[in-house]
Amino acid sequence: MGTALLYDEEMTKYKLLWVDPACKIEVPERLIVSYEALVRSGLSDRCISIPAREASDSEILLVHSELYLEAVKKTPYMTLEDLKEFTLQFGDVYFHPNIYHCAKLASGSALQLVDSVMTGKVRNGIALVRPPGHHSMHGAANGFCVFNNVAIAARYAKQKYGVKRVLIVDWDIHHGQGVQYCFEDDPSVLYFSWHRYEHQNFWPNLRESDYDSVGKESGTGFNINVPWNNVGMENSDYLSVFCHVLLPVAYEFCPDLVLVCAGFDSAIGDPEGEMCATPDIFAHLTHLLMNLAGGKLCAVLEGGYNLTSLAQSVCQTVQTLLGDPVPQLANLRGPCKSAIESLQCARSAHRRYWSFLKHAADPPMTDISTKHIKSAMEEEEKTEMAEEERCTEGKVWPEPPERLCPPVCSASVLPDDVVCPDGLKPLSSSKDLEPLLVSKLKTAAVDGDGVTTFSRLYTLVEKLVANEIRNGLVLVPDVAAAMMCVVQDLTSDLVKRVLVVCVGKEKELDYVTTDGKVLVVQISSEDSEEHRSKYYIPVCLKKGCSDTSGFIQAVLGLLLPLGYEYNPDLVLLVRMPGSGVVDSMWQQLIGLLQGFAKGHTLVLMQVNEKACMGSTASALLGHPAPPLQDLQTPFPEDGDALERLRERLQADWKMLQTTS
Ligand SMILES: COCC(O)(O)CCCCCNCCCN
Ligand SMILES: [Zn+2]
């Protein structure tokens with residue numbers, strides 16, 4: 001299934017007609033450069049083009065008042081003076097004779113996108129629209145927004161398709177207060193937003209944008225705010241919040257649809273955000289959401305004012321929606337102190353509402369919400385320094401790396417008598433192994449056809465590293481021996497770092513290296529305290545790998561952050577016989593691991609587990625994993641143990657930090 005792209009140049013046909021410093025950044029070129037970048041890169045041709053349409057009155061009234069709609073309806077006939085006058089009643093927004101038409105197209109585009117996804121015409125998609133939406137409220141325009149495109153889309157999806165739970169992820173650098181007001185008492189819509197806040201000193205300067213606004217009445221717990229109290233946030237900060245705040249809650253919420261307020265002013269170079277996350281971060285943020293809701297994801301453009309980083313960020317997002325490999329993110333150094341404070345506050349504010357955050361620590365001593373009474377003098381200094389040092393136009397960053405699709409997506413190495421699952425390409429050639437290796441294998445009691453398997457395994461690893469194949473599945477007679485072989489011999493000079501994810505446990509892994517060439521994370525039912533080291537991390541689930549709640553918690557809160565920081569060139573996923581891991585969890589794991597090593601995942605399974613080859617192949621081929629149904633409350637001991645493990649390891653692994 002494909003990716004929808006909605007764009008209509010009519011939405012470029014309105015602009016600011018008078019002088020207003022607060023609004024001059026919202027220009028038609030934002031949409032033009034975004035679309036042209038998609039065309040130039042060839043990405044638009046790979047999308048399914050869906051036409052925009054005007055939202056109807058009744059659709060707009062899903063969120064807005066009649067009074068407001070009737071007032072906006074008059075704007076096309078206003079003189080310039082009337083438009084200025086009309087604009088004065090709202091904040092940081094401007095009107096234009098054609099903006100009402102464009103606002104209907106923007107909202108209508110979001111609804112077209114929801115239709116395309118919900119009817120299965122496409123898997124996911126993006127709507128490039130203006131005016132944006134997330135600041136507009138029931139009876140008011142605000143922050144360049146006229147109608148709340150995403151809020152209308154959420155209500156529309158519930159009404160027309162009976163969607164039970166909608167997750168809205170707002171990665172724009174401003175707080176979408178309009179969305180928060182719309183759904184704060186609604187448990188069927190979970191709104192997550194991070195935003196530049198600076199202790200209420202940044203626009204829109206709302207007290208209710210802080211982390212302690214968790215929703216109200218029956219919506220309590222379904223509104224998550226992560227305030228950024230400093231500028232300069234980087235990729236590590238964004239990924240930490242996804243791993244330690246958003247994703248645990250998102251998986252527990254188990255949405256039927258994911259809507260993204262895709263604002264790109266949170267990227268480096270943007271004059272509004274003044275952050276330092278690079279455009280390729282959006283490849284990962286998109287990827288991390290793509291296994292929720294069976295892949296049903298609708299992204300709607302919000303902000304983004306640096307035309308270069310905006311265009312690059314849009315391309316990164318679309319390329320991931322299309323299923324291309326995500327780029328490796330280098331040197332993630334862990335979240336900064338301010339980000340840790342913010343994520344710790346958000347986690348502690350929500351631990352009573354989400355069992356996946358139950359073991360979150362107490363808020364930091366310095367309760368950051370009271371810091372907003374900053375001395376005027378401090379503020380003064382900052383603004384003086386502001387212009388030259390913090391000016392973002394001077395920011396430069398590398399072009400995002402090319403993300404080439406290997407000619408073969410998924411290869412397989414199977415015993416001759418095993419039928420190859422659909423979509424997998426059996427590995428044909430296999431080079432002869434060096435005699436030394438053959439003799440080594442023979443001493444490892446590997447019999448004849450075992451040597452054949454290993455020679456094909458070796459070839460597969462070579463092709464993965466050469467980016468001729470994206471990922472692969474190998475069935476072997478003895479998975480532990482094969483794992484040892486791959487780790488010790490096959491990767492000696494081919495890759496620099498191998499992440500080994502071991503599901504289940506059959507025997508001790510006694511080859512653990514200390515030089516950092518291999519990082520082993522083993523998830524099983526047994527506790528092995530003895531030789532834990534920086535590069536061998538056993539995670540114990542009391543009820544074993546069949547405990548999906550415990551498993552996904554370990555994946556999101558430990559495996560993902562570790563994997564991002566370790567940044568492997570190859571991921572070896574080993575399924576020990578009898579692990580008991582649930583099929584949907586297995587597919588979710590394969591999906592999430594695709595975020596590392598440009599998707600170079602090598603799955604090792606024992607021949608007697610060939611029954612789950614089909615679902616393994618499906619996940620390797622990039623099909624969305626099935627949702628994890630009715631997750632139980634994780635075992636308290638496991639939750640506690642995971643928290644303690646993180647605390648113990650965070651000295652070595654900065655991405656595990658969740659407390660300041
Ligand atoms: C949904 O609209 C997207 C957006 O969130 O980016 C709008 C931001 C409005 C920012 C208003 N203050 C501008 C002050 C000028 N320095
Ligand atoms: Zn914004």
Side-chain angles (χ1 to χ4, degrees), residues 11 14-16 19-31 34 63-64 87 90-95 99 102-103 106-107 109-110 127-137 140-154 168-182 191-198 200-206 209 225-228 231 233 238 259-275 277 282 285 299-307 309-310 313-314 317 382-383 386-387 390-393:
M11 285 183 270
Y14 79 91
K15 63 182 180 180
L16 183 57
V19 173
D20 176 354
C23 294
K24 69 177 191 303
I25 51 174
E26 209 295 305
V27 295
E29 288 72 18
R30 296 179 53 236
L31 224 42
S34 301
V63 166
H64 298 285
T87 297
F90 306 116
D92 289 78
V93 63
Y94 62 87
F95 277 81
I99 198 169
C102 294
S107 297
S109 296
L128 297 179
V129 302
R130 65 185 279 277
H134 71 162
H135 297 299
S136 59
M137 294 161 265
N142 179 264
F144 313 151
C145 308
V146 176
F147 298 139
N148 202 315
N149 309 317
V150 169
I152 293 170
I168 299 177
V169 177
D170 190 337
W171 65 46
D172 185 288
I173 205 60
H174 297 91
H175 181 220
Q177 85 281 25
V179 184
Q180 172 166 310
Y181 298 153
C182 202
Y191 178 57
F192 167 92
S193 172
W194 61 38
H195 32 271
R196 183 175 171 182
Y197 190 59
E198 290 176 304
Q200 205 174 331
N201 289 308
F202 187 71
W203 188 90
N205 311 88
L206 299 170
S209 301
N225 286 333
V226 177
W228 298 123
V231 291
M233 293 299 161
Y238 289 6
L259 304 180
V260 179
C261 288
F264 296 104
D265 42 14
S266 37
I268 190 167
D270 192 279
E272 278 292 304
E274 298 192 69
M275 298 298 171
F282 296 104
L285 301 185
V300 181
L301 181 67
E302 295 280 0
Y305 307 98
N306 176 309
L307 302 182
S309 68
L310 168 62
S313 303
V314 167
T317 303
K382 205 177 65 174
T383 37
E387 292 331 299
R390 290 192 323 178
C391 86
T392 46
E393 295 320 304

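Quick note: numbers below take in every heavy atom, side chains included, and nothing from hydrogens, waters or symmetry partners. Start at 1 and go down the list; that is how both ligands and their atoms are numbered.
Comparing heavy-atom distances from atom 11 (C) of ligand 1 across Asp20, Asp170, Asp92 singles out Asp92 as nearest. The closest non-hydrogen atom to atom 2 (O) of ligand 1, taken over Pro132, Ala22, Gly133, Pro21, comes from Pro132.
The residue from His175, His195, His135 that alone fulfils the ring pair (Phe, Tyr, Trp, His ring centres under 6.0 Å) condition with Trp203 is His135.
The ring of Tyr238 has its center no closer than 6.0 angstrom to the ring center of Trp171.
Counting the atoms of ligand 1 from 1 in the order shown, those under 4.0 Å from a heavy atom of Cys145 are 1 (C), 2 (O). Taking a cut-off of under 4.0 Å to the non-hydrogen atoms of Gly143, the atoms of ligand 1 that pass are 2 (O), 7 (C), 9 (C). Near His134, meaning under 4.0 Å from any of its heavy atoms, are these atoms of ligand 1: 1 (C), 2 (O), 3 (C), 4 (C), 5 (O). Of all atoms in ligand 1, numbered sequentially from 1 with element shown, those under 4.0 Å from a heavy atom of Tyr305 are 3 (C), 4 (C), 6 (O), 7 (C), 8 (C). Close approach to Glu302 involves these atoms of ligand 1, each under 4.0 Å from a residue heavy atom: 1 (C), 3 (C). Atoms of ligand 1 found under 4.0 Å from any heavy atom of Asp172 (numbered from 1 in listed order, with element): 3 (C), 4 (C), 5 (O), 6 (O). If you number the atoms of ligand 1 from 1 as listed, the ones under 4.0 Å from a heavy atom of Gly303 come out as 3 (C), 6 (O).
Between His135 and ligand 1, a contact under 3.5 Å exists for at least one N or O pair.
Heavy atoms only, all atoms of each residue included: Gly143 and Val93 are closest at N-CB, 4.1 Å. The shortest heavy-atom contact between Ser109 and Val129 is CB-CG1, 3.7 Å. The nearest pair of heavy atoms linking Arg30 to Ile25 is CD-O, 3.8 Å. Heavy atoms only, all atoms of each residue included: Ala110 and Val300 are closest at CB-CG2, 4.1 Å. Residues Gly269 and Asn306 come closest through the heavy atom pair O-ND2, 2.8 Å. Between Gly133 and Glu302 the shortest heavy-atom distance is N-OE1, 2.9 Å.
Side-chain N or O atoms of Asp265 include none that pairs as donor or acceptor with a backbone N or O of Asp172 at under 3.5 Å. With hydrogens and angles ignored, the 3.5 Å screen pairs a side-chain donor or acceptor of His64 with a backbone N or O of Met137.
Judged by the 6.0 Å and 45° rule, Arg130 forms a cation-pi pair with Tyr14.
Taking backbone and side chain together, Glu302 holds no N, O or S atom under 2.8 Å from the Zn ion (ligand 2). Distance check for Glu272 against the Zn ion (ligand 2): none of its N/O/S atoms falls below 2.8 Å. At least one N/O/S atom of His174, whether from backbone or side chain, sits less than 2.8 Å from the Zn ion (ligand 2).
Taking the Zn ion (ligand 2) as reference, Asp265 places its N/O/S atom OD2 nearest. Counting just the N/O/S atoms of Asp172, the one with the shortest distance to the Zn ion (ligand 2) is named OD1.
Heavy atoms of His174 found under 4.0 angstrom from ligand 1 belong exclusively to the side chain. With a 4.0 Å cut-off on non-hydrogen atoms, Glu272 touches ligand 1 through its side chain and not its backbone.
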